[in-house]
Number of protein chains: 2
Amino acid sequence: MDKPPDNDVCSNKDLLAVRDALDVLSGKWKLQILIALLNGAIRFKEIAKQVDGISDRMLSKELKELEANQLVKRKVIDAFPPIVEYKATSHTKSLHTVIYALKEWGYFHRKKILGK
Amino acid sequence: MDKPPDNDVCSNKDLLAVRDALDVLSGKWKLQILIALLNGAIRFKEIAKQVDGISDRMLSKELKELEANQLVKRKVIDAFPPIVEYKATSHTKSLHTVIYALKEWGYFHRKKILGK
DNA sequence: TTTAGTGCTTACTAAAAGTTTAGTAATAAA
DNA sequence: TTTATTACTAAACTTTTAGTAAGCACTAAA
């Protein structure tokens, strides 16, 4: 028997796209880091302060992933002590729609589960 | 120094809501299971067949989590061999908006990363 | 001279998530 | 009698993810 064609709620390609989006926000820290950046945090240590509990190691790692996804732009300024600027990009801002949808549904879900 | 008030892109409460929504879709299998259900799959083994590669253990575990979040309704029909029906709920359907937003951004992101 | 600050990296550990293999009761078909 | 089916569960295992502790180069302040 062959597989049926993809006239489904969500095709296999769609599934991959959804997963791509989820992956970008996956893990314990990325969302918080992005929010810190959208709110204007710039330097490594500044982000570390805003994202409560994160270790240098994790922050460094997550920033690299975000950079690979063009959600963070890194700029080194030659100074002592070193200054490294991290900034949100236009691509980061395009995430707003997604975060908004997640947020709205999150509130809706909580009402549903905790009883209206 | 006190914490500043939450006049940010995303307040702490908002963050929790976003995370709640993400948690509901977290893990390797939940999204695929939900899609299978939205497409009409009903019985345990039917879902297992549609969700390629999942083990019985994982399916059972994930279905329980989804049920706890009211995203799946379980109904046992007393028969031999046993019949257990799994169905999407209205709450599942409310997730559509979120999944759609993720999907759209996922495609957009792919274009961005792979070069337009 | 010791200390602190900056943006990291390395090595290691712990915890969470997922996989594999096997097994259950009850029945019916081969 | 052996095998298959259904909807699971249990134990042992591996993989992935996250956390902890330390250290590096460099400089300025205490």
Asks: Could you tell me whether B:K73 and B:E67 have a side-chain N and a carboxylate O separated by less than 4.0 Å?
Replies: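 Salt bridge: no.
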
Asks: On DNA chain C, check which nucleotide each of A:K64 and A:P82 is closest to and give me the residue with the more 5' one.
Replies: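 It is A:P82, whose closest nucleotide lies nearer the 5' terminus.
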
Asks: Could you tell me how the ring of A:W105 sits relative to the ring of B:H91: parallel (under 30°), tilted (30 to 60°) or perpendicular (over 60°)?
Replies: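 A:W105 vs B:H91 ring planes: parallel.
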
Asks: A:T89 and A:T92: which non-hydrogen atoms are nearest, and at how many Å?
Replies: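 Looking at all heavy atoms of both residues, the closest pair is N-OG1, 2.8 Å.
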
Asks: Is it true that A:R43 and A:E85 have a side-chain N and a carboxylate O under 4.0 angstrom from each other?
Replies: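 Looking at A:E85 together with A:R43, the answer is no, because their closest N to O distance does not fall below 4.0 Å.
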
Asks: For a quick test of reading the model, state the closest non-hydrogen atom pair linking B:R74 to B:V76 and the distance between them.
Replies: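 Looking at all heavy atoms of both residues, the closest pair is NH2-CG2, 3.5 Å.
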
Asks: Does B:M58 or A:S55 map to a spot on DNA chain D nearer the 5' end, using the closest nucleotide for each?
Replies: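 It is B:M58 whose nearest nucleotide is closer to the 5' end.
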
Asks: When you match A:G27 and B:Y86 each to their closest nucleotide on DNA chain D, which lands nearer the 5' end?
Replies: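 Closer to the 5' end of DNA chain D: B:Y86.
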
Asks: Check every strand shown and say whether B:I83 touches a base, only sugar-phosphate, or nothing at a heavy-atom separation below 4.0 Å.
Replies: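 Sugar-phosphate only.
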
Asks: Which nucleotide span of DNA chain D, 5' end to 3' end, has atoms closer than 4.0 Å to non-hydrogen atoms of chain B?
Replies: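 Answer, 5' to 3': D:dT6 to D:dA11.
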
Asks: Consider the side chain of B:F80, meaning its heavy atoms from C-beta on, and name the nucleotide among C:dC8, C:dT27, C:dG18 that approaches it most closely.
Replies: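 Nearest to the side chain of B:F80 among the choices is C:dT27.
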
Asks: Let me know the distance between CG of B:L59 and C1' of C:dT20, rounded to the nearest Å.
Replies: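 Rounded to the whole Å, the gap is 16 Å.
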
Asks: Can you identify which nucleotide, out of C:dT19, C:dG7, C:dC8, has its nearest atom closest to the B:R57 side chain?
Replies: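 Out of C:dT19, C:dG7, C:dC8, the nucleotide with an atom closest to B:R57's side chain is C:dT19.
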
Asks: Is the shortest heavy-atom distance from the side chain of B:Y86 to the side chain of B:I42 under 4.5 Å?
Replies: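 They are not in contact (no side-chain heavy atoms under 4.5 Å apart), so the answer is no.
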
Asks: Find the distance A:I54:CD1 to C:dC8:P and express it as a whole number of Å.
Replies: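 Those two atoms, CD1 and P, are 13 Å apart.
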
Asks: Atom CG of B:D78 to atom C1' of C:dA25: distance rounded to whole Å?
Replies: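 Distance, rounded to whole Å: 13 Å.
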
Asks: If you find the nucleotide of DNA chain C closest to A:K45 and the one closest to B:D56, which residue's nucleotide is nearer the 5' end?
Replies: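 Result of the comparison: A:K45.
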
Asks: When you measure from the side-chain N and O atoms of B:K28 to the phosphate of C:dT19, is any distance below 4.0 Å, counting only OP1 and OP2?
Replies: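 It does, given that an N or O in the side chain of B:K28 lies less than 4.0 Å from OP1 or OP2 of C:dT19.
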
Asks: C:dG7 P sits how many Å from A:L63 CG, rounded?
Replies: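 Spelled out: CG on A:L63 to P on C:dG7 is 11 Å.
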
Asks: For the NZ atom of A:K93 and the CG atom of A:L71, what is their distance to the nearest 0.5 Å?
Replies: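 These two atoms lie 11.5 Å from each other.
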
